[in-house]
Amino acid sequence: MKIGKQNSIFSFFISKEKSSNNPTYDFENACNIGELIFYSDSRTPLQYSENNGREIIVFGYAANVFSGQSEGIAETVLKSTKSLDEVIEYEKKLGGKYVIFYAENGKCFCIGDATCSIPIFYNTDGDDFICSCFSQLIVNRLNLKKDKELQQIRNSGKLGQAMPYDTTPYKEIKRLLPNHYLDIESRKPVRFINSCKKQEKITSVEAVRITSPMIENIIKMFSDNFKIYCPLTGGKDSRVIYAYLKKLNNGNVDSYTVWLDRFNSDRQDWDIAAEIVKIGKTNHKQISLGEVTQEEKALMDELLGEGGYPPEAFSLSLAIQKHYGDGAITEGDILGQVGKCSLHRDIPNWLASPRYFRCKLHNYSDGARKYMRKWMNEVKDSEEHINIMDLFSVENRLGVWAAYTHLVRNTIGLVNLNCFNSRSIIYTWTAIDSSERMKGNLNVELIKNAYPEILSIPFGKDSKPVRIAKTNALTFYLASFLKYYIERRKFRKQQ
């Protein structure tokens, strides 16, 4: 298994340094933008364009979700815009997995994709500015030490769970969150707005009519560049992806289910997946988790820092790469977090609080609550009218929690994509009432649109305690805290 400089994808750093020499990270491509130099791996496409003193880099895979255009995107963005604000507005039309660097009037700015699926870390002070997908690269170059308070927050939750807001264990390093751009001169993130007024409600049927062509354009771009593999379970999200791949790939889908220990007592994920592929007459494989070798762990520790990544995500990613490293996998995190509003269901906004969001971060520190209060205040001080519960799902769950998995997979060279990763898709779905989304109506309508035959197979069922918790908004709210305090007690006993 190759891990590191010869195998990584979606890896970059940008600074004023004129050399990318580093024994740990090896970036083969270099491109100037403004006074900065952008270094990147050789596997990831990079588009550069310049027009009348304005410059842009589009790093990764980006398509216009309305037209389907993916070639020449950098040039099109410059020709279609005249300012930073217009570039940000144009970015809303894009979907895929990418980072944008834009320069005008001697200033440079950074914008992530809809969920910052390529992590973006940067240092907040010091003479040299460094921005990278690897926070450990910044640590190594600037010889930074972990902050005691922030490390205590990191230690107050499992490594697979997100740190709050834009924090890292280092006071000098921040993470750029979705719905923000980075002003590189001031080294400060700036929130941009997706809806300056309350969204008018639409139905799931209407949302599918609007967003289905967008989803198809993203999948077509991915399929033009990779052989796509689909994880498949008994749930609603993976079935949507399977349906669209079936529709767009001439009926051919390669899918897999990861065999987990819990399947010995609850096989529904495996059994339902088997029924789906039987109807679809497509290829399917069961894969098992393997042991992570000491050599593999040592390499990841060098690249991401010891304790800088969730070991479970590493183990799972290695197992998937063993079978599907020749292509790309596409997953449905966005559909679960936003399309089904799984973190908040129909809990009213007046119950949104730092305590509730800390609960959903699965972090057991007072510091996490403090930073979630900062995040809430930032949202409230803006003109954003997107539901704050949905913003939490996008910015703190998808932008941080899911990004941990993206980082691990990018590092080992496993291409992890999401065919819903566009602000135009996400903020169309948020206009559906949460009471409709939480029932999975959007998933059902998407499947109806793409491959309705597999709706004859029932979806997997929640356990009885989960079904009770989902009885209504109040029971879900109270059950979330009950679970939090039970898990906190278990976690602290293990420390």
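Quick caveat: nothing in here was measured; it's all calculated off a predicted structure.
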- Query: Taking it one step at a time, do Leu442 and Leu335 satisfy side-chain contact (heavy atoms from CB on, under 4.5 Å)?
  - Reply: CA-CA 9 Å; Leu442 176 62; Leu335 190 51; 4.1 Å; yes
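- Shown here is Lys464, whose NZ atom has no more than 12 heavy atoms of other residues, nucleotides or ligands within 6.0 Å.
- Of the N and O atoms on the side chains of Asp85 and Ser83, not one donor lies less than 3.5 Å from an acceptor on the other residue.
- Counting heavy atoms from C-beta on, the side chains of Ile320 and Ser317 never come closer than 4.5 Å.
- The number of heavy-atom neighbours closer than 6.0 Å to CD of Glu206, taken from other residues, nucleotides and ligands shown, is above 12.
- In this structure, Met300 and Ile412 have side chains that are in contact, with non-hydrogen atoms separated by less than 4.5 Å.
- The closest donor-acceptor contact from the side chain of Asn123 to the backbone of Ile130 lies under 3.5 Å.
- Pro169 places a side-chain heavy atom less than 4.5 Å from the side chain of Met163.
- For His385 (side chain) and Glu383 (main-chain N/O), a donor-acceptor pair under 3.5 Å exists by modelled atom type.
- At most 12 non-hydrogen atoms from other residues, nucleotides or ligands lie less than 6.0 angstrom from CD of Glu35.
- Between Phe12 and Phe38, the gap from one ring centroid to the other is short of 6.0 Å.
- One N or O on the side chain of His180 and one on the backbone of Pro178 form a donor-acceptor pair closer than 3.5 Å.
- Note: Ser135 OG to Glu172 CD = 12.5 Å, rounded to the nearest 0.5 Å.
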- Query: Is there a side chain to side chain donor-acceptor pair (under 3.5 Å) between Tyr98 and Glu91 once you walk through the steps?
  - Reply: CA-CA 11 Å; Tyr98 54 85; Glu91 188 277 329; 2.5 Å; yes
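- By the 6.0 Å and 45° rule, Arg154 does not stack over the aromatic ring of Tyr371.
- No side-chain donor-acceptor contact under 3.5 Å links Asp346 to the backbone of Ser434.
- You'll find the side chain of Tyr356 stays beyond 4.5 Å of the side chain of Met372, heavy atoms only.
- Atoms CD1 and CH2, from Ile334 and Trp429 in turn, are 7.0 Å apart once rounded to the nearest 0.5 Å.
- Atom-to-atom distance recorded for Ile14:CD1 and Ser40:OG is 10.5 Å, nearest 0.5 angstrom.
- Contact of the Ile386 side chain with the Gln199 side chain is registered, since non-hydrogen atoms from C-beta on lie closer than 4.5 Å.
- A donor-acceptor contact closer than 3.5 angstrom links the side chains of Gln151 and Asn155.
- In this structure a side-chain-to-backbone donor-acceptor pair under 3.5 Å is missing from Ser315 to Glu312.
- Note on ring orientation: taking the six-membered ring where Trp is involved, the planes of Phe481 and Tyr485 are parallel (angle under 30°, cut-offs 30° and 60°).
- Under a 3.5 Å cut-off, the side chain of Asn363 and the backbone N or O of Ile153 do form a donor-acceptor pair.
- Looking only at distances, no side-chain donor or acceptor of Glu55 sits under 3.5 Å from a matching main-chain atom of Ala103.
- Partner of Tyr364 under the side chain to side chain contact (heavy atoms under 4.5 Å, CB included) criterion, out of Glu487, Lys158, Arg489: Glu487 alone.
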- Task: Report the C-alpha distance between Phe222 and Tyr61 in whole Å, list the side-chain angles of each, state the deciding distance to 0.1 Å, and finish with yes or no for ring pair (Phe, Tyr, Trp, His ring centres under 6.0 Å).
- Result: CA-CA 8 Å; Phe222 288 159; Tyr61 296 89; 7.1 Å; no
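- In terms of modelled atom types and a separation under 3.5 Å, the side chain of Glu436 and the main chain of Ser204 share a donor-acceptor contact.
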- Task: Any chance you could lay out the side chain to side chain donor-acceptor pair (under 3.5 Å) test for Thr430 and Asp390, step after step, and finish with the verdict?
- Result: CA-CA 7 Å; Thr430 57; Asp390 286 321; 5.0 Å; no
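- Nearest heavy atoms, Ile347 versus Ala473: CG1-O, 3.8 Å.
- Lys236 forms a cation-pi arrangement with Phe459, by the criterion of a distance under 6.0 Å to the ring centre and an angle within 45° of the ring axis.
- For the pair Ser70 (side chain) and Ala62 (backbone), a donor-acceptor distance under 3.5 Å is absent.
- When only modelled atom types and interatomic distance are considered, Asn179 and Tyr427 share a side-chain donor-acceptor pair under 3.5 Å.
- Between the side chains of Glu445 and Asn449, no donor-acceptor pair is found at a separation under 3.5 Å.
- Asn217 places a side-chain N or O within 3.5 Å of a backbone atom of Val65 that can act as its donor or acceptor partner.
- How far CG of Leu150 is from CD1 of Ile173: 10.5 Å, rounded to the nearest 0.5 Å.
- Two residues are said to be in side-chain contact when any heavy atoms from C-beta on lie closer than 4.5 Å; Pro354 and Met376 meet this criterion.
- Aromatic ring centres of Phe59 and Phe10: separated by at least 6.0 Å.
- Contact record, Arg175 with Ala403: NH1-CB, 3.6 Å, taken as the closest heavy-atom pair.
- Between the side chains of Asp41 and Ser11, at least one donor-acceptor pair of N or O atoms lies under 3.5 Å.
- Shown here are the salt bridge (charged side-chain N to carboxylate O under 4.0 Å, His left out) partners of Lys370, two or more places apart in sequence or in another chain: Glu149.
- Judged as a salt bridge (charged side-chain N to carboxylate O under 4.0 Å, His left out), the pairs with a partner in residues 350-368 (not counting sequence neighbours) are, in order, Arg358-Asp366.
- Considering all non-hydrogen atoms of both residues, Leu159 and Tyr309 come closest at CD1-O, 3.6 Å.
- Salt bridge annotation for Glu89-Lys92: absent, with no cationic side-chain nitrogen under 4.0 angstrom from a carboxylate oxygen.
- Here CD1 of Ile215 is found 4.5 Å from OH of Tyr244. Values are rounded to the nearest 0.5 Å.
- Ser15 and Tyr39 are not linked by any side-chain donor-acceptor pair at a separation below 3.5 angstrom, with hydrogens and angles left out of the test.
- Looking at Asn443 and Asp237, their side chains do bring a donor and an acceptor atom within 3.5 Å of each other.
- Side chains of Phe109 and Asp183 form a contact here, defined as non-hydrogen atoms less than 4.5 Å apart.
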- Task: Take Met438 and Lys470 through the side-chain contact (heavy atoms from CB on, under 4.5 Å) test and state the conclusion after the steps.
- Result: CA-CA 10 Å; Met438 72 176 192; Lys470 291 181 177 180; over 6 Å; no
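- For the atom pair OH (Tyr122) and CZ (Arg187), the distance works out to 10.5 Å, reported to the nearest 0.5 Å.
- In summary, the aromatic rings of Phe13 and Phe27 are positioned with their centroids under 6.0 Å apart.
- The pair Asp333-Arg397 fails the salt-bridge criterion, with no side-chain N (NZ, NE, NH1 or NH2) lying under 4.0 Å from an Asp/Glu carboxylate O.
- For the pair Asn421/Ile218, no side-chain contact is recorded, criterion being any heavy-atom separation below 4.5 Å from C-beta on.
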- Query: Does the side chain to side chain donor-acceptor pair (under 3.5 Å) test come out yes or no for Tyr102 and Arg54, once each step is laid out?
  - Reply: CA-CA 8 Å; Tyr102 169 73; Arg54 300 164 65 225; 2.9 Å; yes
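- Residues Gly112 and Ile120 approach most closely at CA-CD1, 3.7 Å, considering heavy atoms.
- We find that Glu378 and Arg191 are joined by a salt bridge, their nearest charged nitrogen and carboxylate oxygen being less than 4.0 Å apart.
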